[in-house]
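First comes the structure, then the notes that go with it.
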2 protein chains.
Amino acid sequence: MSDGRKRRLSGCPIDYALDFFGDRWTLLVIRDLLFGGKRHFKELMESPERIASNILTARLKKLEERGLIERRSDPDNRKQVIYTLTDKGRDLAPVLVEMVRWGGRHDPNSLCPKSVVTRLTRDNERLLADMRAGMADAVRTVKARARR
Amino acid sequence: MSDGRKRRLSGCPIDYALDFFGDRWTLLVIRDLLFGGKRHFKELMESPERIASNILTARLKKLEERGLIERRSDPDNRKQVIYTLTDKGRDLAPVLVEMVRWGGRHDPNSLCPKSVVTRLTRDNERLLADMRAGMADAVRTVKARARR
DNA sequence: GAGTTAACTTGCAAATTGCAACTAATAATA
DNA sequence: TATTATTAGTTGCAATTTGCAAGTTAACTC
């Protein structure tokens, strides 16, 4: 069912959206590409949620087939592959932002700074830039925590 | 893993959110409770996506355990059970709205009226009311389509 | 009190996930 | 140039989850 060929869609945009990312991993990959400044398989593997390599491969394949990301090999280093979001993929930013606001409001253990969460979505451009920076910090915190 | 007890969360609000609804069905149930005016098990079963009864039971149980919905028996009809969203559950409205906007923008087969999709999220109250009404129409369309 | 309805439960096959180990191609190093 | 390391995967397999159909139980309806 992962390829969405068997289930018949209802016509509801939420059902359509879930057919793309109604699982535990896809939006984390998109988060990393959108806010984390990541482009390589290896970088995606290093996120704190520790996705398995076979799952990552499957998600990247599906996302490419369905037009949310593009895959090309790095001209400077032919053993690297560069993954980038398409417009359709980048368009998911507001969904992720609302998830951050929800999670940030309701998760007492969130590592995400309240300032990011409470800021209104109005100034989206600045917010996204801050999330990018804030995420690098959070990743550092998690790594430091893991070392202990 | 469905109960989120085994996976360790990263502290990212997106990861936290996906621990609640990172699957194919949970957000459809919340959609029905939030926009569809549904309250009973049977009504949730009748949605066009045709969730299986055992999956619905499992999702309702998880949502109740984790504080997104409340379950009580109908005082007027003791064989009916009423499910309602908590504040935390209702708070997911902006996430669903952004998913509708994304799906509506990118799905050529969407049954959701463009007017709903393109309208800005600013006037959220009216938008939610319209979605409620629009959804009743869409359900009728799908049912009619299925009869053919 | 016979039939119906609502809310589940059970059984089971098929699909998906998660983990660990392995591989192939390219790049860096000695 | 031979050796080692790195990147992007693949493979095998056990455990979990899903999807479908059928069955159950308690409460209403006639």
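Numbered from 1 within each chain, the chains take letters A, B, ... in sequence-line order.
At whole-Å resolution of the value, CZ in B:F41 and C1' in D:dA26 are 15 Å apart. Put simply, CG on B:L56 is 14 Å from P on C:dA6, counting in whole angstrom units. Taking atom NE2 of residue B:H40 and atom P of nucleotide D:dC28, one finds them 13 Å apart after rounding to whole Å. In this entry the distance linking CD1 of A:I51 with P of D:dG9 reads 13 Å, nearest Å. Rounded to an integer number of Å, the gap from A:L60 CG to D:dT7 C1' is 13 Å. In this structure, B:K42 atom NZ and C:dT4 atom P are separated by 15 Å, rounded to whole Å. Across the protein-nucleic acid pair, B:M45 atom CE and C:dA6 atom P stand 12 Å apart, rounded to whole Å. Taking atom CZ of residue B:R59 and atom P of nucleotide C:dA7, one finds them 19 Å apart after rounding to whole Å.
Under the rule for a ring pair (Phe, Tyr, Trp, His ring centres under 6.0 Å), the partners of A:F21 that lie at least two apart in sequence or sit in another chain are B:W102. For A:A58, there are no side chain to side chain contact (heavy atoms under 4.5 Å, CB included) partners two or more places apart in sequence or in a different chain.
Pairs of residues two or more places apart, or lying in two chains, never qualify as ring pair (Phe, Tyr, Trp, His ring centres under 6.0 Å) while including a residue from residues 37-90 of chain A. Every pair passing salt bridge (charged side-chain N to carboxylate O under 4.0 Å, His left out) that includes a residue from residues 78-92 of chain A is listed here, sequence neighbours excluded: A:D87-A:R90, A:D91-B:R105.
Considering only side-chain N and O atoms, A:Y83 lies nowhere under 4.0 angstrom from the phosphate OP1 or OP2 of D:dT7. At the phosphate of D:dG19, OP1 or OP2 sits under 4.0 Å from a side-chain N or O atom of B:W25.
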Would you list the atom pairs, donor with acceptor, under 3.5 Å between side chains in residues 29-36 of chain B and any protein atom, with sequence neighbours excluded?
unit_1	atom_1	unit_2	atom_2	d
B:R31	NH1	B:E49	OE2	2.9
B:R31	NH2	B:E49	OE1	2.8
B:D32	OD2	B:S47	OG	2.5

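A salt bridge links A:R59 to A:D23: at least one charged side-chain nitrogen sits closer than 4.0 Å to a carboxylate oxygen. A:D15 has a carboxylate O that lies under 4.0 Å from a charged side-chain N of B:R24, or vice versa, which qualifies the two as a salt bridge.
Note on B:R71: only backbone sugar-phosphate atoms sit closer than 4.0 angstrom, heavy atoms only; bases stay farther off.
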Set out, line by line, the N/O atom pairs under 3.5 Å between protein and nucleotides 20-28 of chain C.
unit_1	atom_1	unit_2	atom_2	d
C:dA27	OP1	A:R78	N	2.7

